[in-house]
Amino acid sequence: MAMDPNMNNLLKWGIQNSTNPPSGSSDGNDAPAAQPSQNITPEMLNSLFGGPSEADLMKAAMEALRDPEVDLENKVIAFDNLEQLVENIDNANNLEPLGLWTPLVELLGHEEAEMKKYAAWCIGTAVQNNEKAQDKLIVMNAIPKLVSLAITDTTQAVRKKAVLALSSAVRNYQPGTNELVKHLPEGYASGKVDAGDMEAIDAIMDKLRAVQVPSS
C-alpha cells in the first residue's frame, strides 16, 4: 500500500530538518539564517503541520522503517522518533489498534544490527510498567526472539537492548516471567521465578548481560 502523501511529506520534512541546515534568506538582509533543527520532537511537528496526531507520526515512522527506498540513516531517525513517542503509555497502547506491533516485532529479525537494536529498544520502552503491552509481547511470541538476540547476536549493542527489553517485559508481570523462564537455556533460572522478586529478575538479567559475544 502506498504511503499517504501527507505522511510522506511529514517524513521528508523531519528527515531534511534533522540533517540539513535551512537555506539562507533571499531578501538581501544580513540576518543570520535559522539554525538547523537537530532534535525534531513530535510537538514541533505538531506545531508546524497544524496538528498531525501522534498516531499519524507513529504510522509515518513505521512507513519509513518498512520502505526499502529509505536509507539506514533516515530509518534510524524514524526509529528514534517512534521510540520517543511510545514513552507515552497511551501511544504504547496505541501500537495495537494501529497495527504496528507486528511490523515492530518483525524488525527484531532485520539483517541490519542497528535496526534490531532499535526494534528491541522501542519494544523495551513500550512495555515498561505497561501490562497491556507486556501481554502483547506474549501474543506476538516476541520473548523467545528477544532471548535469542540476547544470547546469540554478534553485536553487543543489540544484545544489550534485547536484555533491556526482556527486563521491562517481565518485571511484575508473571505471564511474561513464565514465558522468559521457559525459553532460557539451562542454568539461567531454577524453578518458578516470581515476577515481583526484583533480585531474582536482576540475577537472570545479569547472567544474560554476562554472556560473551560470539566471534563473528
Side-chain angles (χ1 to χ4, degrees), residues 58 61-68 72 75-76 78-80 82-83 85-87 89 91-189 192-193 195 200-216:
M58 291 166 65
M62 186 58 73
E63 288 277 4
L65 295 171
R66 302 182 75 183
D67 187 344
L72 181 60
K75 285 182 188 293
V76 168
F79 241 144
D80 188 55
L82 181 60
E83 192 274 332
L85 285 161
V86 298
E87 287 178 357
I89 193 168
N91 288 336
N93 288 335
N94 216 13
L95 287 167
E96 181 176 5
L98 292 175
L100 300 183
W101 267 118
T102 295
L104 180 56
V105 171
E106 286 176 350
L107 287 169
L108 291 172
H110 201 280
E111 61 185 14
E112 290 282 353
E114 198 76 356
M115 295 291 283
K116 290 185 288 186
K117 180 188 83 172
Y118 268 95
W121 194 351
C122 276
I123 288 170
T125 299
V127 301
Q128 188 171 20
N129 301 316
N130 185 345
E131 185 172 315
K132 184 176 179 180
Q134 288 171 321
D135 182 63
K136 192 63 182 176
L137 279 197
I138 296 178
V139 174
M140 298 300 301
N141 200 35
I143 287 179
K145 294 179 181 179
L146 288 166
V147 170
S148 179
L149 287 180
I151 293 173
T152 68
D153 199 86
T154 58
T155 301
Q156 184 64 37
V158 174
R159 295 154 69 93
K160 182 178 179 180
K161 292 303 182 186
V163 174
L164 176 68
L166 287 169
S167 179
S168 296
V170 306
R171 290 182 188 274
N172 294 311
Y173 184 60
Q174 195 62 50
T177 300
N178 295 345
E179 184 76 357
L180 171 64
V181 170
K182 183 168 70 174
H183 292 282
L184 286 171
E186 187 176 351
Y188 281 80
K192 184 177 175 65
V193 176
I201 299 297
D202 286 342
I204 293 173
M205 298 306 152
D206 287 345
K207 288 180 181 179
L208 288 172
R209 293 187 186 97
V211 176
Q212 294 300 307
V213 178
S215 300
S216 53

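- Remark: the backbone N or O of Leu208 is not paired with any side-chain donor or acceptor of Arg159 at under 3.5 angstrom.
- A distance-only check finds a donor-acceptor pair linking the side chain of Gln174 to the backbone of Val193 [under 3.5 Å].
- In this structure, Asn130 CG and Asp135 CG are separated by 10.0 Å, a value rounded to the nearest 0.5 Å.
- Nearest heavy atoms, Asn93 versus Ala133: OD1-N, 4.2 Å.
- Using modelled atom types, one side-chain atom of Thr125 and one backbone atom of Trp121 make a donor-acceptor pair closer than 3.5 Å.
- Across all non-hydrogen atoms, the minimal contact from Ala150 to Val163 is CB-CG2, 3.8 Å.
- At a threshold of 4.5 Å between non-hydrogen side-chain atoms, the residues Ile201 and Met205 count as touching.
- Closest heavy-atom contact between Ile143 and Gly176: CD1-O, 3.7 Å.
- Within the 4.5 Å cutoff, the side chain of Leu82 has heavy atoms near those of the Leu65 side chain.
- Contacts of His110 classified as side-chain hydrogen bond (donor to acceptor under 3.5 Å, both in side chains), with partners at least two apart in sequence or in another chain: none.
- Scanning for side-chain hydrogen bond (donor to acceptor under 3.5 Å, both in side chains) contacts around Glu87 gives an empty result, with sequence neighbours left out.
- For Phe79, the ring pair (Phe, Tyr, Trp, His ring centres under 6.0 Å) partners two or more places apart in sequence, or in a different chain, are Tyr118.
- Once rounded to the nearest 0.5 Å, the distance linking CD of Glu179 with CG of Leu166 reads 10.5 Å.
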Evaluate the criterion side-chain contact (heavy atoms from CB on, under 4.5 Å) for residue pair Leu72 and Met115; output intermediate values, then yes/no. CA-CA 8 Å; Leu72 181 60; Met115 295 291 283; 3.9 Å; yes
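- Ile138 is listed as a side-chain neighbour of Tyr173, based on a closest heavy-atom distance under 4.5 Å.
- Between Asn91 and Val86 the shortest heavy-atom distance is CB-CA, 4.3 Å.
- With Gln134 contributing its side chain and Ser168 its backbone, the two residues share a donor-acceptor pair below 3.5 Å.
- For the atom pair SG of Cys122 and CG of Leu108, the computed distance is 10.0 Å after rounding to the nearest 0.5 Å.
- Every pair passing salt bridge (Lys or Arg N to Asp or Glu O under 4.0 Å) that includes a residue from residues 117-126 is listed here, sequence neighbours excluded: Glu114-Lys117.
- From Met62, atom CE reaches atom CZ of Arg66 across 7.5 Å, with rounding to the nearest 0.5 Å.
- The list of side chain to side chain donor-acceptor pair (under 3.5 Å) pairs with a residue in residues 200-210, not counting sequence neighbours, reads Arg171-Asp202, Asp206-Arg209.
- In terms of heavy-atom proximity, Lys116 sits nearest to Leu149 at CD-CD2, 4.0 Å.
- Looking at Ser148 and His183, their side chains never come closer than 4.5 Å, going by heavy atoms from C-beta outward.
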How far apart are the C-alpha atoms of Thr177 and Ile204, what are their side-chain angles, what is the distance that settles it, and do they pass the side-chain contact (heavy atoms from CB on, under 4.5 Å) test? CA-CA 11 Å; Thr177 300; Ile204 293 173; 5.9 Å; no
For residues 95-107, run the donor-acceptor check on the side chains, cut-off 3.5 Å, and write out each pair with its distance to 0.1 Å, sequence neighbours left out.
from: Glu96; atom 1: OE2; to: Lys136; atom 2: NZ; distance (Å): 3.4

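- Minimum heavy-atom separation, Ala78 to Ala61: O-CB, 3.6 Å.
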